[in-house]
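For reference, the structure is listed below as structure tokens.
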Amino acid sequence: MNTRIKKEELIITNKELVFQNEEKEKRAAELIIASTELAFQNDEKEKRAAELIVANTELAFQNDEKEKRAAELIIANTELAFQNEEKEKRAAELIIANTELAFQNDEKEKRAAELIIANTELAFQNDEKEKRAAELIIANTELAFQNIEKEKRAAELIIANNELAFQNDEKEKRAIELIIANRELAFQNDEKEKRAAELIIANKELVFQNEEKEKRAAELIIANRELAFQNLEKEERAKELDTANKKLAFKNQERRIQTAELNIANRELLFQNKPLWTESP
């Protein structure tokens, strides 16, 4: 009877042991699945870490590019300030040149007025000369008819000839003055043309500098837009890094939970694997 009871207890014990072994195998399978998932999570973690390294490298590169762009902007602003100073100098030179040109024009008008007066005076002297010649003709005719008045008329002719010689001298002097005035006027015209040519060259240079200034301004606008775009990219990268860090932290927490569950399962398996009773010899 005792043997039968023991056999039944052994059967029950064996069934329980088989059940525990099956539970152990299930736990082992769960441990294998959990270990596989943990390995997969570790791989994902390594991939995320590699992505973070790549993103940090790219972010450092973008920061270097940003510093380079900032240096280029400083150089461009310096060059623009220099060009503005040159432009102001050119404008001042143009003002001085225009003032000098206006002064020369005034001098030219004065010389032209003097020439008009000289020409008027010369025409008047020619009229006087013709009148004197007419008087000489009359005098010579009268001299032919009036021999008595010959000596008196001769004296008058000498006086008239002296006056005529004086007027001829004055005429030559006026002619010399006109030649000098014309030469001076021609010299002033040449100077005026030279100044005009210099003004044209200065205006062309000023137009070129303005075009260069506009090009620099356009380049600065493009650089500023590119810098703004890089800053937006930087912010997006920062947001992606923050999201990735949050996901990584979440997965690390999940891994800790899985590890704790695995430890609990292992302890439970160890506890179940302990023998419940020892058969006497």
Side-chain angles (χ1 to χ4, degrees), residues 1-76 218-281:
M1 189 73 179
N2 290 327
T3 304
R4 185 177 178 183
I5 292 169
K6 286 182 179 180
K7 285 181 180 181
E8 290 177 356
E9 289 177 354
L10 282 172
I11 291 167
I12 294 168
T13 303
N14 288 327
K15 289 180 180 180
E16 188 175 355
L17 187 60
V18 169
F19 176 76
Q20 289 178 355
N21 287 327
E22 289 176 354
E23 290 293 323
K24 182 179 178 182
E25 289 176 357
K26 290 180 182 179
R27 291 294 182 181
E30 290 176 356
L31 283 172
I32 292 168
I33 294 168
S35 297
T36 304
E37 186 176 357
L38 185 62
F40 176 75
Q41 290 178 354
N42 288 328
D43 291 335
E44 290 293 322
K45 180 181 177 182
E46 291 176 357
K47 289 178 182 179
R48 290 296 180 182
E51 289 176 356
L52 283 173
I53 292 168
V54 173
N56 288 325
T57 305
E58 186 176 356
L59 186 61
F61 175 75
Q62 288 180 354
N63 287 328
D64 292 335
E65 290 294 322
K66 181 179 177 182
E67 291 176 357
K68 290 178 182 178
R69 291 293 181 184
E72 290 177 357
L73 283 174
I74 292 168
I75 293 169
E219 290 176 359
L220 285 174
I221 290 169
I222 294 169
N224 288 326
R225 289 177 181 173
E226 186 175 354
L227 186 63
F229 177 75
Q230 288 181 355
N231 288 329
L232 291 174
E233 289 290 326
K234 181 179 177 182
E235 292 176 359
E236 290 179 0
R237 291 291 182 183
K239 290 179 181 179
E240 290 177 359
L241 285 173
D242 185 50
T243 304
N245 288 326
K246 288 180 180 179
K247 289 182 180 179
L248 188 61
F250 178 74
K251 286 191 175 182
N252 287 330
Q253 187 176 0
E254 289 290 328
R255 190 182 64 154
R256 285 201 255 342
I257 294 170
Q258 293 288 335
T259 303
E261 290 178 355
L262 286 173
N263 289 329
I264 294 168
N266 288 326
R267 289 175 185 173
E268 188 175 352
L269 283 173
L270 290 173
F271 179 76
Q272 289 177 358
N273 287 329
K274 288 182 180 181
L276 297 175
W277 55 275
T278 304
E279 187 177 357
S280 60

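Note that the structure is predicted; figures quoted are calculated from it, not measured.
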Could you measure the distance from the NZ atom of K66 to the CD atom of E233? Nearest 0.5 Å is fine. 13.5 Å
Sequence neighbours excluded, the answer for side chain to side chain contact (heavy atoms under 4.5 Å, CB included) partners of K247 is T243
To the closest 0.5 Å, what do you measure between CG (L31) and CG (L38)? 11.0 Å
As an exercise, state the distance from CG of N21 to CD of E16, rounded to the nearest 0.5 Å. 11.0 Å
Within a strict 4.5 Å, meaning less than it, do heavy atoms of the Q272 and L269 side chains meet? yes
Atom pairs and distances, side-chain donor-acceptor, residues 261-268, under 3.5 Å, sequence neighbours left out:
unit_1, atom_1, unit_2, atom_2, d
N263, ND2, T259, O, 3.2
N266, ND2, L262, O, 3.0

Taking salt bridge (charged side-chain N to carboxylate O under 4.0 Å, His left out) as the test, write out the residues that go with K239, two or more places apart. none
Show every side chain to side chain donor-acceptor pair (under 3.5 Å) that has at least one partner inside residues 22-40, sequence neighbours left out. K24-N273, R27-E30
Would you give me the side-chain donor-acceptor pairs under 3.5 Å for residues 55-65, sequence neighbours excluded?
unit_1, atom_1, unit_2, atom_2, d
N56, ND2, L52, O, 3.0
T57, OG1, I53, O, 2.7
E58, OE1, R237, NH2, 3.4
E58, OE2, R237, NH2, 3.2
N63, OD1, K234, NZ, 3.2
N63, ND2, L59, O, 3.2

State the CG-CG distance between L227 and L232, to the nearest 0.5 angstrom. 10.0 Å
